[in-house]
Structures are given as C-alpha cells and as structure tokens.
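This report refers to the structure that appears directly beneath it.
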Amino acid sequence: MNYWLVKCEYDECTFDELKTRPQQTGRWRGVRNYQARNFIRDVMQKGDLAFFYQSNCAEPGSSGVVKVVKAGYPDPSQFDPEHKYYDEKSTKDEPRWFTFDVKQHKAFKSFVHLKDLKNNNDLKDMKVVQRGQRLSIQPVTPEEFEIVCEMGGI
DNA sequence: GCCAACGTTGGC
DNA sequence: GCCAACGTTGGC
C-alpha cells in the first residue's frame, strides 16, 4: 500500500469532475516523464491512495483523496497517431508510457492549499512544497499522508 | 504574463 | 558523454 500525490492541471480535470466520468473513474493522462513513468509502472498498485493535486491555477492545492482502481498499464494514447500524446518510438511489445485509473475516495471537508502545506513545518520534506519541483507523480510517506488528511478535515 | 527551474534533445 | 539550446512546468 503506497501513498502518492498526483498532479493535474486545473484545466484538464478537477476532483469533482471525476464523478461525472463513466464509472466515476478517470484515466490519468499524458505522463511523459521517465521518473513519473517508473513510479507508475513499477511501484504504484491497485488500492493505493493519492492526493488529487491541482496545479497551474489561481489556487493550487488538493480537494481530496483518490484511489487507484487500475494500476500500471500501457497508456493507449501513445499508440494513436492522431493523439496529442502519440509516441512513434513506442511499441506494443515494449510500451514506453504507462497510466492508471482513479476514483474519488474521500473529499476533503476543506480545501488544502499549497500555501498551507508550505506553512506546515512537518511537511517541509514533501516534494510538492519544494522549489522547482515538477514531478507529476510524487510518493508521499504515511505520516505526511495522515497530516494532510487532518488538514483537510478527514 | 513573467520567469526560474528543470528535463530533453541533439550537435559535436 | 558533454553541454548549450530549447521546451515545459507551474507558482506568483
């Protein structure tokens, strides 16, 4: 059982929007970074929990926790020439990119702002609060996970 | 919209 | 294998 922070641009999908998807499930899209890919392919498991973090917007932060309902499978978009995330160098025998599916697990009672994470000294080692940190799939320790859940009121 | 920080690419 | 140039991320 692992804990994560998964980043999504606000424009792409919000935590609430997950509920409107078929089976209330969203496929994570377009991870094209090797470090993040390795986490998805090699470490992430079905049943893991993750903070859904929204970036690139007026209020960066997290609305709640999602659960990994399908883990580490090849991202179909890499094989589709029409797709934005097509990768001509990837093959079905040796896929280069992986993805996973998530469902809402628990919504926070109150939104946890990036600012709040930064102001909490117990979270100073979290990747997300560190300067210039761009990794979109970040491991989180059980301690950090619990602290952030408390901050969100769950 | 700015710009710092980072990852990737490609010439050598 | 180095490293400059470039593109992207993402907070502000």
Side-chain angles (χ1 to χ4, degrees), chain A residues 2-21 26-44 48-68 71-102 104-105 107-141 143-145 147-154:
Chain A
N2 308 291
Y3 299 101
W4 307 94
L5 180 147
V6 292
K7 259 189 223 175
C8 186
E9 295 203 6
Y10 184 73
D11 287 350
E12 301 236 338
C13 181
T14 63
F15 184 75
D16 290 339
E17 208 184 310
L18 280 175
K19 280 208 158 162
T20 69
R21 300 290 175 91
R27 172 188 290 151
W28 211 258
R29 62 150 76 201
V31 172
R32 294 293 183 267
N33 167 286
Y34 287 102
Q35 235 186 311
R37 187 279 311 267
N38 292 345
F39 282 132
I40 297 169
R41 186 188 59 184
D42 305 334
V43 187
M44 187 180 275
D48 286 357
L49 296 177
F51 299 122
F52 189 98
Y53 178 87
Q54 60 184 44
S55 64
N56 221 347
C57 57
E59 298 203 63
S62 180
S63 309
V65 177
V66 293
K67 181 184 258 188
V68 175
Y73 63 98
D75 183 350
S77 67
Q78 69 194 308
F79 305 122
D80 177 1
E82 304 295 309
H83 202 282
K84 179 183 167 193
Y85 290 113
Y86 176 61
D87 184 342
E88 58 176 11
K89 293 187 188 139
S90 187
T91 65
K92 293 204 175 175
D93 288 339
E94 285 186 61
R96 182 180 286 193
W97 305 112
F98 288 73
T99 189
F100 58 100
D101 294 350
V102 298
Q104 275 198 18
H105 178 65
F108 287 151
K109 291 203 172 66
S110 53
F111 187 81
V112 177
H113 296 264
L114 175 59
K115 213 176 0 165
D116 303 331
L117 298 176
K118 284 188 167 169
N119 286 338
N120 190 328
N121 200 43
D122 293 333
L123 300 177
K124 65 179 180 346
D125 293 328
M126 276 186 89
K127 290 197 191 323
V128 70
V129 302
Q130 279 151 33
R131 184 182 172 81
Q133 182 52 254
R134 291 164 30 174
L135 189 59
S136 61
I137 307 293
Q138 306 179 356
V140 167
T141 68
E143 293 77 23
E144 290 163 348
F145 191 84
I147 293 168
V148 180
C149 282
E150 272 176 33
M151 291 168 73
I154 62 171

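Naming: A, B, ... by sequence-line order, numbering from 1 per chain. Since this is a predicted model, take the numbers as computed values, not measurements.
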Quiz item: Going by heavy atoms in the side chains, are A/Tyr53 and A/Ser136 under 4.5 Å from each other?
Solution: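 Of all side-chain heavy-atom pairs linking A/Ser136 with A/Tyr53, none is under 4.5 Å.
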
Quiz prompt | No-H, no-angle donor-acceptor pair, A/Arg131 side chain to B/dA5 base, under 3.5 Å | solution =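 In this structure, the two groups form no donor-acceptor pair.
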
Closest to the [X] side chain, choosing from [options]:
X        : options              : answer
A/Lys118 : B/dC6, C/dG11, B/dG7 : C/dG11
A/Arg134 : C/dG10, B/dT8, B/dC6 : B/dC6
A/Pro60  : B/dA4, C/dG11, B/dT8 : C/dG11

Distance in angstrom units between [X] [atom1] and [N] [atom2], rounded:
X        : N      : atom1 : atom2 : answer
A/His113 : C/dG10 : NE2   : C1'   : 17 Å
A/Gln54  : C/dG10 : CD    : P     : 13 Å
A/Lys89  : B/dT8  : NZ    : C1'   : 10 Å
A/Leu114 : C/dG10 : CG    : C1'   : 10 Å
A/Asn56  : B/dC2  : CG    : P     : 15 Å
A/Asp87  : B/dT9  : CG    : P     : 9 Å
A/Tyr34  : B/dC6  : OH    : P     : 20 Å
A/Gln133 : C/dG10 : CD    : P     : 9 Å

Quiz item: Would you call the rings of A/Phe51 and A/Phe145 parallel, tilted or perpendicular, where under 30° means parallel and over 60° means perpendicular?
Solution: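 If you compare the ring of A/Phe51 with that of A/Phe145, the planes turn out parallel.
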
Quiz item: Phosphate oxygens OP1/OP2 of C/dG10: is one of them under 4.0 Å from a side-chain N or O of A/Lys7?
Solution: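 Answer is yes, contact under 4.0 Å.
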
Quiz item: How long is the gap from CZ on A/Arg96 to NZ on A/Lys89, to the nearest 0.5 Å?
Solution: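 Reported to 0.5 Å precision, the distance equals 6.0 Å.
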
Practice problem: Mind checking the NZ-CD spacing from A/Lys7 to A/Gln133? Nearest 0.5 Å is all I need. | Solution: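 The CD atom of A/Gln133 is 6.0 Å from NZ of A/Lys7, to the nearest 0.5 Å.
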
Exercise. Using a heavy-atom cut-off of under 4.0 Å over every strand shown, decide if A/Tyr53 touches base, sugar-phosphate, or nothing.
Key: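 Sugar-phosphate, backbone atoms only, no base.
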
Exercise. Tell me, yes or no, whether the heavy-atom count around A/Tyr86 atom OH, taken from other residues, nucleotides or ligands under 6.0 Å, exceeds 12.
Key: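 Count over threshold, so yes.
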
